[in-house]
Structure formats: C-alpha cells, structure tokens
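Following: one structure in structure tokens, then a few remarks.
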Amino acid sequence: MNWLIRATLLVALTLSGGASAEEYDLAYYQEIFAEGTRTEQIKAAGSLEWAGLSDPVLFDLIKAKLDQVGPAAKSKGEIDYASWLLKALAFSGNEQYRAVLEEYSEKPYHKKLRKYAKQGQVALTRHSHWNPVINNPEHFDAAQSLKVNRLANMLRSDQMELKRIAAKRIHFEHLYDPYLLALLAERLQQEVPEMAGDKLTIDAYAWMAKALAGSAEPEYRPLIENLAETAPERKLQRYAKKYLNYF
C-alpha cells in the first residue's frame, strides 16, 4: 500500500478511537479503499450512494486511487474501475471534489470517464443535500444497524428519489427487516392518499409497495390490496395489484 494512503488510514482510525468497522460505517469504507481488491472497491463505491458519507478522510483515499489509474486508463477493466471511483467522489456531496469531476469531464480522458464525470457533477450537487438527510442520527434506533437506520432516514425524507433508492435496495437485497417493513407500511398509509401524480412520485411509491410485498409477510397483504383498489393514481393501483402475487 502506498505510504500516503497508509498514513491517512492510520490517522483516521486513530482519530476515530479505533472504531469498529461496522458494515457501511466510515472505517469499513476506509479499509476497503485502502486494502480491498478492485472488485470490492467497485461494490463499495456503488453502496456509497446510500451511505450518506462526505468525510475527506475517506474520499481522499478514493481520489488517490483515481490519480493512480485514471489518467492512463485504457483497458476495459481500468476504465470501469476509474468510472466507479468518479461516481464515488460524486456520492460524497463534498464540493472539494468538484474540480476533479470538472477536470475529467473536460480534458481528453476516455469518453466513458468524461461521461461519468459530467453526470457526477449533477450527482455531487444532489448528494450535498441528500447526505445530511441519510446520515442524520436524530432518528437512529440503537437496536438497528447503520445500513437499516440510513435506509429508514431515506424512507422518512420528503425526497422521492431517496425513497425510491431505499425501496430498491430493500427489494434487491431482500433486506426484509421488520423495522424497515413497518416503516414502509407506515409511509405508504400516511402519504399515498395525498400523493402527487408525477412520474417520480408514482414510481417511488410503487417501489415501496414492491419492497413491502416482496417480503411476503401476510400482515401486509391488506395494505397492498387497499393500494390496488384505492390508490389515487391508477398506475399505482396496477402496480399494487401485480405485487399481490408475492404473497
């Protein structure tokens, strides 16, 4: 490991009091981006979208990796790896990395890197607002993992895109934690009757209903049946009717 990365990691762990590397906490990501394989780092980079982290002690490690591979990236593997590092910097929501994204979008790097750098500038702005919501400890439940608490914050937020991302994660990972299922049911019951009819809102509530139904927990079937019959938007009714097949 490069001495700068090693030193950064050592300082970070010292300042954090040797914090346990719970999945999705700061130390967890530091360990992966300091010592992990490229495959592990790519997977971790994707999950930063819903981690709510912005600390330079992590993202400087990621930038150092990008500095090593990005400028000379030519092979498919190198380009893919550098693209995910660019996405990770965007997920930081930290303005100090905007210059990196601007550089990669403007200079003659590979076209795929330029594309993700341009998209990353939009994502950086978005995550500057999202990350404080995702990682707000005010409603954290001490009995739940960081991942569950952060997903719960996303479901409680008034940002439809955050609700949709959280619901997709719950569904795709089969993360049918009772705490999250109860929150999904609560949000659907309280919010759907007054929902807006735009595409994003319909899609977000559809994914929330899908995540809830995907658990196949019988206690939530009446709620999905009710959505199929009474949701204000016919498209959401159709989605809910389809999701009854999960039970």
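The model shown is predicted, which means the values in this text are computed figures rather than measured ones.
Side-chain heavy atoms closer than 4.5 Å link hydrophobic residues (I, L, V, M, F, W, Y) into clusters, and following such links, even through other members, never connects Leu146 to Val57. In the hydrophobic clustering of ILVMFWY residues, with side-chain heavy atoms under 4.5 Å counting as a link, Tyr104 and Tyr116 come out apart. In the hydrophobic cluster analysis, where Ile, Leu, Val, Met, Phe, Trp and Tyr join through side-chain heavy atoms closer than 4.5 angstrom, Leu200 is grouped apart from Trp207. When hydrophobic clusters are built by joining Ile, Leu, Val, Met, Phe, Trp and Tyr residues whose side-chain heavy atoms come closer than 4.5 Å, directly or via intermediates, Leu244 is grouped together with Met208. Under the 4.5 Å side-chain heavy-atom criterion for grouping Ile, Leu, Val, Met, Phe, Trp and Tyr, Val69 is connected to Leu58 within one hydrophobic cluster.
Interatomic distance, Leu86 CG to Leu66 CG, rounded to the nearest 0.5 Å: 5.0 Å. How far NZ of Lys241 is from CG of Leu227: 14.0 Å, rounded to the nearest 0.5 Å. Between the CG atom of Leu236 and the OH atom of Tyr243 there is a distance of 8.0 Å, given to the nearest 0.5 Å. Rounding to the nearest 0.5 angstrom, the gap separating the CG atom in Leu188 from the CG atom in Leu184 is 6.5 Å. One distance of note links CZ of Arg38 with CD1 of Ile42; it measures 8.0 Å at 0.5 Å rounding. The distance from atom CD of Glu35 to atom CD of Gln41, rounded to the nearest 0.5 Å, is 10.0 Å.
Checked by atom type and distance alone, the side chain of Asn149 never pairs as donor or acceptor with a backbone atom of Phe140 at under 3.5 Å. Although no hydrogens or angles enter the test, the distance criterion places a donor-acceptor pair under 3.5 Å between the side chain of Ser47 and the main chain of Ala44. Without hydrogens or angle criteria, Thr201 side chain to Gly197 main chain gives no donor-acceptor distance under 3.5 Å. With Asn131 contributing its side chain and Ser92 its backbone, the two residues share a donor-acceptor pair below 3.5 Å.
Listed here is the closest heavy atom pair of Ala204 and Met160: CB-O, 3.6 Å. For the pair Tyr220 and Ser215, the tightest heavy-atom approach, listed with the atom from each and the gap, is CD1-OG, 4.4 Å. Taking all atoms of both residues into account, the shortest heavy-atom contact from Leu181 to Ala211 is CD2-O, 4.3 Å. Between Asn153 and Ile134 the shortest heavy-atom distance is ND2-O, 3.0 Å. For Gly46 against Trp84, the heavy-atom pair with the smallest separation is CA-CZ3, 3.5 Å. Of all the heavy atoms in Ala90 and Gly120, the pair that sits closest is CB-O, 3.3 Å.
By the 4.5 Å heavy-atom criterion applied to side chains, Arg169 and Leu175 are not counted as neighbours. Contact check for Ile202 versus Met195: side-chain heavy atoms found under the 4.5 Å cut-off. Side-chain atoms of Glu106 and Arg114, non-hydrogen and from C-beta on, never get closer than 4.5 Å to each other. Leu151 has its side chain out of reach of Ile165: every pair of non-hydrogen atoms, C-beta onward, lies at least 4.5 Å apart. Residues Gln159 and Val133 form no side-chain contact, since every pair of their non-hydrogen atoms from C-beta on lies 4.5 Å or further apart. Contact of the Tyr97 side chain with the Asp60 side chain is registered, since non-hydrogen atoms from C-beta on lie closer than 4.5 Å. Side-chain atoms of Phe59 and Leu85, non-hydrogen and from C-beta on, never get closer than 4.5 Å to each other. You'll find the side chain of Glu102 stays beyond 4.5 Å of the side chain of Lys118, heavy atoms only.
Remark: Glu225 engages Arg221 in a salt bridge, criterion side-chain N to carboxylate O under 4.0 Å. Checked for salt-bridge contact, Lys112 and Asp80 meet the test: a charged N lies under 4.0 Å from a carboxylate O. Arg98 has a carboxylate O that lies under 4.0 Å from a charged side-chain N of Glu95, or vice versa, which qualifies the two as a salt bridge.
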CA sep, side-chain torsions, deciding dist, call: Lys43, Glu40, salt bridge (Lys or Arg N to Asp or Glu O under 4.0 Å): CA-CA 5 Å; Lys43 182 179 178 182; Glu40 290 171 335; over 6 Å; no
Could you walk me through whether Leu48 and Phe33 satisfy the side-chain contact (heavy atoms from CB on, under 4.5 Å) test, starting with their C-alpha distance in whole Å, then the side-chain angles of each, then the deciding distance to 0.1 Å, before giving a yes or no? CA-CA 12 Å; Leu48 282 167; Phe33 283 104; 4.2 Å; yes
The test is ring-ring contact (aromatic ring centres under 6.0 Å, His included); show your working for Trp130 and Phe91 and say whether it passes. CA-CA 9 Å; Trp130 284 3; Phe91 294 150; 9.2 Å; no
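Judged as a side chain to side chain donor-acceptor pair (under 3.5 Å), and not counting sequence neighbours, the contacts of Asn135 are Arg150. In this structure, the salt bridge (Lys or Arg N to Asp or Glu O under 4.0 Å) partners of Glu191, at least two apart in sequence or on a different chain, are Lys163, Arg187. Residues forming a side chain to side chain contact (heavy atoms under 4.5 Å, CB included) with Asp67 (at least two apart in sequence, or on another chain): Lys63.
No cation-pi contact links Lys210 to Tyr239, judged by a cut-off of 6.0 Å to the six-membered ring centre and 45° from its axis.
Between His171 and Tyr246, the two ring planes are perpendicular [angle over 60°; tilted spans 30° to 60°].
Just one residue in the list Asp177, Leu212, Leu155 forms a side-chain contact (heavy atoms from CB on, under 4.5 Å) with Ile170, and that residue is Leu155.
Side-chain contact check for Tyr29 and Asp55: no donor-acceptor pair (N or O, by modelled atom type) lies under 3.5 Å. Side-chain polar atoms of Tyr176 and Glu217 form no donor-acceptor pair below 3.5 angstrom. For the 3.5 Å distance criterion, the side chains of Tyr109 and Glu103 qualify, holding a donor opposite an acceptor.
The number of heavy atoms from other shown groups lying within 6.0 Å of CD (Glu219) is above 12.
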